[in-house]
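Only a predicted model underlies this, so the values are computations on that prediction, with no experimental measurement involved. Only heavy atoms go into these numbers, but all of them, side chains included; no hydrogens, no water, no symmetry mates.
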Number of protein chains: 2
Amino acid sequence: MRRLLIVNHMVECYVRRMNALDSTFAALSHEARRAILARLADGETRLSDLAGPFAMSQTAVSKHVRVLSDAGLVTVEQRGRSRYCRLNAAPMKDASEWLSDYEAFWGQQFDNLARYLADNGD
Amino acid sequence: MRRLLIVNHMVECYVRRMNALDSTFAALSHEARRAILARLADGETRLSDLAGPFAMSQTAVSKHVRVLSDAGLVTVEQRGRSRYCRLNAAPMKDASEWLSDYEAFWGQQFDNLARYLADNGD
DNA sequence: TTGATAGTGAACCATCTGGTTGACTAATGC
DNA sequence: GCATTAGTCAACCAGATGGTTCACTATCAA
């Protein structure tokens, strides 16, 4: 049993890592999903409790959780009739490291406009 | 002329900021667009030179650049018959700051599996 | 002037996304 | 046993995405 769980987990990780950054960034690109992650940062939460604050059906929230789960950002565990969702921030680390490669360019945010104006202004 | 450019820039920024993180993360969620950004980190590049290494039409690359441009990650400037693309990493800073809120959780990547196995294993 | 180059726009296509509703399964509590 | 609660699944929908091809405009160079 334990071995099967580990193998399943490894297979899922392998498939996901093929384009892990794709699915991580895609999962983060929706306001509702970022809100779900923020909520889970406070601790494990049942799916139905997650759905509460949102103006959408529980089915829709369930789909969002599925997207987060496929991206490895959330783990879901069935206990009784409830599904408990837990934050798994590991994929965020890779995303953050990818972004940090561009840190040197963050200070230049107005350079492009300034240069364009210098060339074309008035 | 200068004033018009600045107003246009402000309007574009305002509209974009409405869901800036959405469009930033969405723009970053495609391998080809991340490759384009990596290329632009080496300096300004013509659109046709960007298209070279990709196994897709120039039209498709043009569409990717449009997505990056709409997200404010790239500025495009027409000079002669060429379009010069330049990296604008400013939106990445916001994305990175959002991610850094979860930095405290990055160390827990195997906790969930371990806990699950402890509860259900064998 | 003529031809090559850079790039967009329009039309089309398949697939994905984000949402709905309604029927269904499974666990819980009385 | 029976009603309630938690949640998924299937079907459906509108719109976005990612790609193509073809026609077109505009610039450059001989």
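- Contacts of A/Ser57 classified as side chain to side chain contact (heavy atoms under 4.5 Å, CB included), with partners at least two apart in sequence or in another chain: A/Thr59, A/Ala60.
- Atom P of nucleotide D/dT17 and atom CZ of B/Phe25 are separated by 17 Å, given to the nearest angstrom.
- For B/Ser62, a side-chain nitrogen or oxygen approaches OP1 or OP2 of C/dT8 to under 4.0 Å.
- The distance between atom CG of B/Leu50 and atom P of C/dT8, rounded to the nearest whole Å, is 11 Å.
- For A/Asp22, the side chain to side chain contact (heavy atoms under 4.5 Å, CB included) test picks out A/Asn19, B/Glu31, B/Arg34, with sequence neighbours left out.
- One can place CD of A/Glu77 at 16 Å from C1' of D/dA6, the figure rounded to the nearest angstrom.
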List the atom pairs, with distances to 0.1 Å, where a side-chain N or O of residues 46-55 of chain B and a protein N or O form a donor-acceptor pair under 3.5 Å, not counting sequence neighbours.
{"residue": "B/Arg46", "atom": "NE", "partner": "B/Asp49", "partner atom": "OD2", "Å": "3.2"}
{"residue": "B/Arg46", "atom": "NH1", "partner": "B/Ser82", "partner atom": "OG", "Å": "3.2"}
{"residue": "B/Arg46", "atom": "NH2", "partner": "B/Asp49", "partner atom": "OD1", "Å": "3.4"}

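- At least one side-chain nitrogen or oxygen of A/Arg83 sits closer than 4.0 Å to the OP1 or OP2 atom of D/dT8.
- Judged as a side chain to side chain contact (heavy atoms under 4.5 Å, CB included), and not counting sequence neighbours, the contacts of B/Ala38 are A/Tyr102.
- In this structure, B/Leu28 places its CG atom 12 Å from P of D/dG18, rounding to the nearest Å.
- Using a 4.5 Å heavy-atom cutoff, the side chains of A/Val65 and A/Arg83 are not in contact.
- One finds a side-chain N or O of B/Arg46 lying less than 4.0 angstrom from the OP1 or OP2 phosphate oxygen of C/dA6.
- If you take CG of B/Asp70 and P of D/dA16, they are 13 Å apart, rounded to a whole angstrom.
- Residue pairs meeting the ring pair (Phe, Tyr, Trp, His ring centres under 6.0 Å) criterion with at least one member in residues 30-52 of chain B, sequence neighbours excluded, are B/His30-B/His64.
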Reading 5' to 3' through nucleotides 13-30 of chain C, protein heavy-atom contacts under 4.0 Å coded B for base, S for sugar-phosphate only, - for none: -----SBBBB----BB--
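- To the nearest angstrom, P of D/dC9 lies 12 Å from CG of A/Leu47.
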